[in-house]
2 protein chains.
Amino acid sequence: MTRKTYGQYCGLAKALDHVGDRWTLLIVRELLMGPRRYSRIRAGLPGIATNLLADRLRELEADGIIRQGDAGYELTEFGRGLEKVVHELVRWGGHWMRHREPEEEFRPEWFAIALAALVPRRRAGKVEIRTGDGVVSIDRGRVLVGSSDDPDAIVEGETQLVLGVAAGELPLASLDVTGDATVAAGALGAGP
Amino acid sequence: MTRKTYGQYCGLAKALDHVGDRWTLLIVRELLMGPRRYSRIRAGLPGIATNLLADRLRELEADGIIRQGDAGYELTEFGRGLEKVVHELVRWGGHWMRHREPEEEFRPEWFAIALAALVPRRRAGKVEIRTGDGVVSIDRGRVLVGSSDDPDAIVEGETQLVLGVAAGELPLASLDVTGDATVAAGALGAGP
DNA sequence: CCGCATCCTCATGGATACTG
DNA sequence: CAGTATCCATGAGGATGCGG
């Protein structure tokens, strides 16, 4: 049970000591979208061994990155600090997403996180993503799952605007989602 | 030799597929300070197995993140894109650096990277860090090692300014370096 | 000496079965 | 549902060897 550490007095090494293990940041990703119970986290991490998930959750809790609340596991304020880390990784990882292989898993929420990482945070308005699996939305950097308040508010004509904004930083427009995913933007602000 | 992948069509998972293995981001950290030969990289990664370093370097090269140049291994432009990722991790990892344990390794360059991550990039002027091991400097986000052009240019009185700036984002002022480390700032701009 | 490759041992991860 | 227990596969750590 002794923790594996790099033994370096360096911020990067310290960060990796605590969230550098396999699956750990993917668990954080799941919790960035709100509190989640064990089984739901597991559903978002196809292939993880159940004991590993239990181990990781214990370690994250011991480190003060997550806690157990009424709605399941949730990020602490300190753990929320990882959002910027995740967003930078998502941005950089976009390079490997020009094509989707058939065997690769896809969840609309992951796409939402990518959009949240790419769309300028201050941009007002809401972005909705609809797939066969459900609806996710982003509102000023917050990712919400399964809530489509006003389906009629979607403005098809502005889809390109969203993709265009994102494409300014990464070729998100060439993302190969599923074909049945519809990205729609409602009331996007005009600012930079 | 088959690559271990999460099998997820997600930017974060993709990023971790390529730089999520143990030691990989620490290798990138070493190369963020300029081209480095094998033995020098190894010297910056106490405890790494030699075959592991060779493996990682091969993978990074195959992924187009590093290349071999005349001066050793160096980051490609794509690999340089990891700088922001590293900086975010360094910022977050600063939380674990309030105290230095005696057995923890310390290199001035790591401290320089932390400062580069914390000091606003646009700030003009140069920051120098002197320890018993040598001198590192940061100039507009670039980390340079072992060059002290003008030792007399150091203004002791501005040390607090540097630490103050950094402390605005993280408690860098409480960093526990070695006691013999001197942080000095020359000609720091005034703007935010 | 530098830049690895090989070999061996042991810790970690993965898959599946099982339990309070 | 939320894990634990178990067993096997894989990867990391450490010593040593070896060719350029």
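Lettering follows sequence order; numbering is per chain, from 1.
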Could you tell me how far apart A:R56 (CZ) and D:dA2 (C1') are, to the nearest whole angstrom?
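Nearest whole value for this atom pair: 18 Å.
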Atom CD of A:Q68 to atom P of D:dC1: distance rounded to whole Å?
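From A:Q68 CD to D:dC1 P: 17 Å.
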Closest approach to the side chain of [X], judged atom by atom: which nucleotide of [options] is it?
X: B:R22; options: D:dT4, D:dG13, D:dC1; value: D:dG13
X: A:T50; options: C:dA5, C:dA17, C:dG13; value: C:dA17
X: A:S39; options: D:dG13, D:dC1, D:dT4; value: D:dC1
X: A:N51; options: C:dC7, D:dT6, C:dG13; value: D:dT6

Between A:R67 and A:E61, is the closest basic N to carboxylate O distance under 4.0 Å?
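No salt bridge links A:E61 with A:R67.
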So does B:E77 pair up with B:R80, basic N to acidic O under 4.0 Å?
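Salt bridge absent between B:E77 and B:R80.
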Mark yes or no for whether A:R56, through its side chain, and A:R22, through its backbone, hold a donor-acceptor pair below 3.5 Å.
yes
Compute the bend angle of the helix from C:dC1-D:dG20 to C:dG20-D:dC1 from the end axes (five pairs per end), rounded to 10°.
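Inter-axis angle at the ends, rounded: 30°.
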I'd like to know if A:D21 reaches the base of C:dT12 with its side chain, counting only an N/O donor and acceptor under 3.5 Å.
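Result: no qualifying N/O pair found.
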Are B:W110 and A:Y6, when compared by the centres of their aromatic rings, separated by less than 6.0 Å?
no
Hey, does B:A54 reach any base, or is it just sugar-phosphate, or nothing, if we go heavy atoms under 4.0 Å?
sugar-phosphate
